[in-house]
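Working notes for the structure below.
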Amino acid sequence: MQFFDTHAHIGLIYESSIERVRVVQKAKQAQVNRIISICNSLHDFSQVYETLKSVPGVYHAIGVAPSEVMNPGKDWISTIEQGLKLPNVVALGETGLDYFRKFGDKRSQIELFITELEIAAKADVPVIIHNRDAGKDVLDILSERLPPAGGVLHCYSENAAYAKKALDLNLYFSFAGNLTYRNARNLHETVLNLPLDRILVESESPFMVPAEHLKERNVPAFVPSTVRFLADLLDIEMEELADQLWKNSCKFFRLPE
């Protein structure tokens with residue numbers, strides 16, 4: 001049995017390069033054999049990529065998150081375009097909209113999001129999508145501009161009705177540790193109404209720690225805890241579910257099983 005963490009902010013867990021490598025090593029001890037390292041800023045990407053570019057099982061996404069809309073970086077478009085050509089960079093992300101924190105203004109966030117979707121389409125890579133309190137705008141934009149390689153709604157937080165609309169697009173749904181919270185009934189209902197082959201699991205570390213690890217810093221090694229909860233919720237053997245999630249993740253990121 002093996003697990004695939006489709007979304008980990010390794011650069012935010014620890015600042016030390018040595019500790020970042022140890023995070024990956026501990027993940028593998030927990031049978032989390034593949035990780036997608038996510039960046040919030042291009043500066044963060046360059047540091048983490050250099051540290052982990054030769055570590056087996058670690059893949060990367062490059063992009064500018066909505067939190068960086070006011071300071072995406074010098075020549076950020078060309079930086080992303082060139083970054084997507086690097087070995088083991090398999091997606092653009094995270095990108096999307098976040099109206100909760102009010103980063104910049106809505107227009108600036110939307111322009112950034114659309115530009116990144118266009119970059120992803122040109123490079124023929126999938127996109128990792130952040131959505132917080134911006135569900136309608138995210139879906140409206142994706143309905144017209146989702147790249148052919150598709151996308152994943154990461155750390156899914158909308159309800160089952162929203163998921164039904166998103167299923168009509170080439171979208172996957174990734175669930176993090178908050179799925180394991182007792183009050184996350186909207187997520188439980190959503191999972192029960194999704195086709196199994198469109199589901200992914202992520203750590204979203206260092207955020208969204210699973211319930212059984214609430215007093216600890218979240219790391220990719222905790223992904224099996226979320227998978228275990230999901231298996232119980234779906235009434236599926238954990239090994240069977242882990243195998244399906246692995247296949248889904250490899251298909252989405254275009255990696256060999």
Side-chain angles (χ1 to χ4, degrees), residues 3-13 27 32 34-41 44 59-61 63-68 91-101 103 109 113 116 126-139 141-142 146 150-160 162-163 165-167 169 171-194 198-214 217-227 229-230 233 245 248-249 252-253:
F3 304 93
F4 196 133
D5 181 356
T6 63
H7 196 107
H9 295 275
I10 297 178
L12 299 181
I13 302 173
V32 181
R34 284 183 178 170
I35 301 170
I36 304 295
S37 176
I38 307 295
C39 72
N40 272 350
S41 71
D44 172 68
Y59 299 87
H60 302 265
V64 178
S67 60
E68 307 298 310
L92 189 151
E94 63 184 273
T95 183
L97 302 175
D98 191 320
Y99 295 165
F100 178 77
R101 295 289 185 187
F103 300 113
Q109 286 199 33
F113 186 26
E116 292 194 276
V127 288
I128 298 167
I129 302 153
H130 176 100
N131 165 26
R132 193 167 187 191
D133 290 358
K136 184 180 185 305
D137 284 354
V138 166
L139 211 56
I141 291 169
L142 291 177
L146 180 66
V152 56
L153 297 171
H154 106 85
C155 195
Y156 189 81
S157 59
E158 297 283 353
N159 58 25
Y162 187 94
K165 295 178 182 178
L167 276 171
L169 303 175
L171 290 170
Y172 283 67
F173 304 78
S174 182
F175 295 89
N178 56 330
L179 178 71
T180 69
Y181 303 163
R182 291 182 179 179
N183 62 353
R185 294 175 183 173
N186 65 316
L187 299 184
H188 303 160
E189 180 187 2
T190 299
V191 164
L192 290 169
N193 285 278
L194 283 177
R198 300 282 280 274
I199 297 174
L200 308 179
V201 167
E202 63 182 85
S203 67
E204 173 65 328
S205 51
F207 316 108
M208 296 297 178
V209 62
E212 68 175 296
H213 297 285
L214 277 179
R217 180 192 294 266
N218 195 19
V219 291
F222 294 164
V223 161
S225 179
T226 302
V227 176
F229 180 92
L230 181 57
L233 185 64
L245 293 172
N248 295 349
S249 304
F252 178 75
F253 289 108

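Note that the coordinates shown come from a computational prediction; the quantities given were computed from them, not determined experimentally. Sequence positions, counted from 1, serve as the residue numbers for this chain.
The shortest distance between side-chain heavy atoms of L179 and L230 falls below 4.5 Å. A 4.5 Å side-chain heavy-atom check between E116 and V127 finds every atom pair outside the cut-off. A 4.5 Å side-chain heavy-atom check between N178 and C155 finds at least one atom pair inside the cut-off. Looking at I129 and L142, their side chains come closer than 4.5 Å, going by heavy atoms from C-beta outward. When side chains are defined from C-beta on, F3 counts as touching V227, because their heavy atoms get closer than 4.5 Å. Residues I128 and L92 have side chains not in contact (no heavy-atom distance under 4.5 Å, counting atoms from C-beta outward).
A distance-only check finds a donor-acceptor pair linking the side chain of R217 to the backbone of I13 [under 3.5 Å]. A distance-only check finds a donor-acceptor pair linking the side chain of Q109 to the backbone of F103 [under 3.5 Å]. With hydrogens and angles ignored, the 3.5 Å screen pairs no side-chain donor or acceptor of R132 with any backbone N or O of L97. Of the possible donor and acceptor atoms, one in the side chain of N218 sits under 3.5 Å from a partner among the backbone N and O of S203. T180 places a side-chain N or O within 3.5 Å of a backbone atom of A211 that can act as its donor or acceptor partner. Panel note: side chain T190, backbone A160; a donor-acceptor pair is recorded below 3.5 Å.
Taking every heavy atom of both residues into account, A176 and T226 meet most closely at O-CG2, 3.6 Å. Taking all atoms of both residues into account, the shortest heavy-atom contact from G11 to D44 is CA-OD1, 3.6 Å. Closest non-hydrogen pair, P126 versus F252, comes out as CB-CZ, 3.5 Å. The two residues A61 and C39 come nearest to each other via the heavy atoms O-SG, 3.8 Å.
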From CA spacing to verdict: side-chain contact (heavy atoms from CB on, under 4.5 Å), I35, I10 = CA-CA 9 Å; I35 301 170; I10 297 178; 4.0 Å; yes
Criterion ring pair (Phe, Tyr, Trp, His ring centres under 6.0 Å) on F253 and H60, from CA distance to verdict = CA-CA 10 Å; F253 289 108; H60 302 265; over 10 Å; no
query = Stepwise, does the side-chain contact (heavy atoms from CB on, under 4.5 Å) test hold for V138 with Y162?
reply = CA-CA 11 Å; V138 166; Y162 187 94; 4.0 Å; yes
Evaluation steps, side-chain contact (heavy atoms from CB on, under 4.5 Å), between Y99 and D137 = CA-CA 10 Å; Y99 295 165; D137 284 354; 2.6 Å; yes
request  = Verify side-chain contact (heavy atoms from CB on, under 4.5 Å) between N159 and L187, making sure each step is shown before the conclusion.
outcome  = CA-CA 6 Å; N159 58 25; L187 299 184; over 6 Å; no
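Within the model, atoms CG of L192 and CG of L233 stand 4.5 Å from one another, a figure rounded to the nearest 0.5 Å. If you take CD on E94 and CG on N131, they are separated by 11.0 Å, rounding to the nearest 0.5 Å. The CG atom of L245 lies 7.5 Å from the CG atom of L200; values are rounded to the nearest 0.5 Å. Rounding to the nearest 0.5 Å places CG of L139 at 6.0 Å from CG of L169. Distance check: F175 CZ to M208 CE gives 12.5 Å after rounding to the nearest 0.5 Å. In this structure, OG1 in T6 is found 13.0 Å from CZ in R34, a value given to the nearest 0.5 Å.
Aromatic rings from F229 and H188 are positioned such that their centres are separated by under 6.0 Å.
E212 and S225 are linked by a side-chain donor-acceptor pair at a separation below 3.5 angstrom, with hydrogens and angles left out of the test. Between D98 and H130, the side chains place a donor N or O and an acceptor N or O closer than 3.5 Å (distance only, hydrogens not considered).
The ring pair (Phe, Tyr, Trp, His ring centres under 6.0 Å) search around F173 returns Y156, not counting sequence neighbours.
Tested against S174, the residues H154, E202, H7 include a single side chain to side chain donor-acceptor pair (under 3.5 Å) partner, E202.
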